[in-house]
There are 2 protein chains.
Amino acid sequence: MITIGQLADYAGVTTKAVRHYHERGLLAEPGRDSSGYRRYTAKDAVDLVKIRTLANAGVPLTRIKDLLDADQDTLTAAITEIDHNLHDRIAQLRRTRDQLAQLRGGDRLFVSPEVADYLDDLRELGVSERQTHLERDGWILMQTASPEDASVWIAEKRELIADPEFRALYLEHDAAYDWSPDDPRLPALADRTRTWFASHHSRSETRPVHNPAIARLAAQSQPGASSPAWDRLAQLMKG
Amino acid sequence: MITIGQLADYAGVTTKAVRHYHERGLLAEPGRDSSGYRRYTAKDAVDLVKIRTLANAGVPLTRIKDLLDADQDTLTAAITEIDHNLHDRIAQLRRTRDQLAQLRGGDRLFVSPEVADYLDDLRELGVSERQTHLERDGWILMQTASPEDASVWIAEKRELIADPEFRALYLEHDAAYDWSPDDPRLPALADRTRTWFASHHSRSETRPVHNPAIARLAAQSQPGASSPAWDRLAQLMKG
DNA sequence: GTCGGACCTTGCCCCTGGGGCAAGGTCAAA
DNA sequence: TTTGACCTTGCCCCAGGGGCAAGGTCCGAC
């Protein structure tokens with residue numbers, strides 16, 4: 001006959017937890033001694049260890065209660081199932097560890113693998129961090145608003161960026177961000193851009209034309225997403 | 001500019017959770033559109049994914065809040081630590097899986113390995129399930145009440161059970177449980193038992209004599225722990 | 001132009017699995 | 001006898017949301 005504190009120590013829990021299990025009907029209330037103290041037997045110790053083992057496996061107390069007075073077959077089946085999702089939870093935690101590692105750097109956590117690859121390509125081309133960041137945010141919004149479209153668009157964009165002519169235009173647009181709005185190179189750049197789009201437009205399929213400026217537009221609402229030169233460029237291309 | 005539902009889907013959470021993060025100050029309240037709906041940007045999406053990644057790793061929301069506006073070094077250090085105890089938790093879950101497997105059978109969950117081995121020995125000797133169970137419960141109580149004594153006693157008991165003479169006595173005591181209290185074998189058994197203890201008592205060391213009936217005594221308060229024949233036997237041995 | 005269904009808003013109460021603390025009563029050893 | 005470590009009940013608190021109510025809004029179909 002042991003006390004609640006001894007029982008609790010045996011199972012590695014607090015006395016509070018033991019009383020909690022009494023309240024929830026998981027552990028039978030034991031007899032009391034002459035001063036009202038609870039007095040436990042070995043059976044209680046066995047039951048408590050079972051409770052803790054199941055609880056450690058993440059089984060809710062209400063279910064533990066049911067399992068404790070279920071027949072052997074039910075219990076065995078339940079344990080098999082509990083073990084299965086314990087296995088799954090371990091796998092999940094491992095995945096979380098990987099994601100945690102990616103939190104240190106890289107965008108792979110925030111966009112699809114295809115977009116992440118595309119962003120890596122941009123960095124390799126020497127595209128500015130500002131621009132890459134702008135693109136990333138654009139793709140996040142696109143993927144969120146319409147994942148299927150985004151997946152089509154990213155495929156097109158990756159083809160596009162493989163074209164040396166487009167690549168040159170893209171890099172010059174990137175550089176233009178810091179130019180003066182009066183810079184004489186702007187009208188010429190606008191012109192070349194329009195020409196390029198005109199000559200590649202016909203290749204587009206029946207679905208809505210994918211303007212590569214969409215990424216920029218999507219990110220437009222963010223602070224610092226444009227510059228005087230870019231505003232001017234947009235005007236020139238419209239006119 | 002996306003809505004709360006789109007943002008929530010992107011991160012795989014509910015809108016309720018997103019609002020919860022606003023209330024807790026984890027995620028900045030975004031601007032509202034003309035009808036009062038929250039409108040989110042890519043930055044919010046990035047922040048939300050960070051929040052979820054940390055939350056999945058078991059980091060409390062209050063700490064996540066601190067980490068989100070900590071400097072890079074602090075964050076990196078924190079991530080390292082979080083990864084560490086994620087590793088520990090995975091190990092813990094694996095241990096839980098092992099214990100879960102033992103819940104299907106065996107007493108190793110409830111007593112020390114030494115006692116478990118001793119119980120296995122008893123079963124191998126042909127000791128009844130009733131008696132083994134009684135012993136187990138006795139050891140649980142002993143280990144709970146005084147783990148150091150229990151560890152000394154179990155060592156002694158394992159030596160004792162190695163003695164063929166003691167083994168025979170033990171098995172006969174076990175069998176006697178079901179005898180009639182008038183059974184003529186009882187006085188003889190009591191006699192042999194006393195003789196054996198007398199001749200082995202001198203071998204005992206200075207610490208209190210370890211009477212092998214202690215296990216039975218400890219379990220005495222349990223229902224069905226004795227029988228008419230055993231009661232008679234106890235009387236005979238006292239007299 | 002209006003209808004239905006899917007969205008959004010705030011607010012409040014509910015759940016699990018206990019922890020903390022109060023205000024006592026009890027036990028054992030020095 | 002006193003002291004410290006137990007035990008008792010009772011009540012409130014926490015995270016991390018879920019559920020539901022009672023509305024307002026948006027968008028596409030008819």
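All values reported here derive from a predicted model rather than from experimental measurement. Each chain gets a letter, A, B and so on, in the order its sequence line appears, and its residues count up from 1.
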The side chain to side chain contact (heavy atoms under 4.5 Å, CB included) partners of A/Asp73 (sequence neighbours excluded) come to A/Asp71
Say whether B/Arg136 and B/Tyr118, considering side chains only, have a donor N or O and an acceptor N or O under 3.5 Å apart.
-> no
B/Arg108: what forms a side-chain hydrogen bond (donor to acceptor under 3.5 Å, both in side chains) with it, not counting sequence neighbours?
-> B/Asp117, B/Asp120
Can you tell me the distance, in whole Å, between the CD1 atom of A/Ile2 and the C1' atom of D/dC6?
-> 14 Å
Can you give one letter per nucleotide of nucleotides 21-30 of chain C, going 5' to 3': B for a protein heavy atom under 4.0 Å from the base, S for sugar-phosphate only, - for none?
-> B---BBS---
Residues at least two apart in sequence or cross-chain that pass side chain to side chain contact (heavy atoms under 4.5 Å, CB included) with A/Arg19, listed by chain then number, are A/Ile4, A/Thr15, A/Arg38
Using a cut-off of strictly less than 4.0 Å, decide whether B/Thr3 has a side-chain nitrogen or oxygen near OP1 or OP2 of C/dC7.
-> no
Roughly, in whole Å, what's the span from CG in B/Leu27 to P in D/dG16?
-> 15 Å
Side chain to side chain contact (heavy atoms under 4.5 Å, CB included) partners for A/Ser151, two or more places apart | none
Within the structure, does a side-chain N or O atom of A/Arg32 lie under 4.0 Å from either OP1 or OP2 of D/dT9?
-> yes
Could you check which residues of residues 47-65 of chain A get a heavy atom under 4.0 Å from DNA chain C? Sort them by number, please.
-> A/Arg52, A/Pro60, A/Leu61
Side chain to side chain donor-acceptor pair (under 3.5 Å) pairs, two or more places apart, involving residues 59-69 of chain A | A/Arg63-A/Glu81
side-chain hydrogen bond (donor to acceptor under 3.5 Å, both in side chains) with A/His22: which residues, sequence neighbours excluded?
-> A/Tyr40
note: A/His20, atom NE2; D/dG10, atom C1'; distance rounded to Å ~ 15 Å
Separation of atom CD1 in A/Ile4 from atom C1' in C/dG18, rounded to whole Å | 14 Å
Whole-Å distance, A/His22 NE2 to C/dG17 P, equals 17 Å
OP1, OP2 of D/dG16 versus side-chain N and O of B/Tyr21: anything below 4.0 Å?
-> no
Determine whether more than 12 heavy atoms belonging to other residues, nucleotides or ligands lie under 6.0 Å from atom CZ of B/Arg104.
-> no
Only counting residues at least two apart or in another chain, list the ones meeting ring pair (Phe, Tyr, Trp, His ring centres under 6.0 Å) with B/Phe110.
-> none
Strand contacts (DNA chain C) in residues 77-92 of chain B, 4.0 angstrom heavy-atom criterion | none
Report the distance from atom CD of B/Glu23 to atom P of C/dC12, rounded to the nearest whole Å.
-> 11 Å
Sugar-phosphate only, base, or nothing, as touched by B/Arg19 at under 4.0 Å among non-hydrogen atoms = base
Mind checking side-chain hydrogen bond (donor to acceptor under 3.5 Å, both in side chains) for A/Glu129 and listing every partner two or more places apart, or none if nothing turns up?
-> A/Arg123
Are any of B/Arg38's side-chain N or O atoms less than 4.0 Å away from OP1 or OP2 of C/dC8?
-> no
For A/Arg39, check side chain to side chain contact (heavy atoms under 4.5 Å, CB included) against everything at least two apart and list the hits.
-> A/Met1, A/Thr3, A/Asp33, A/Tyr37
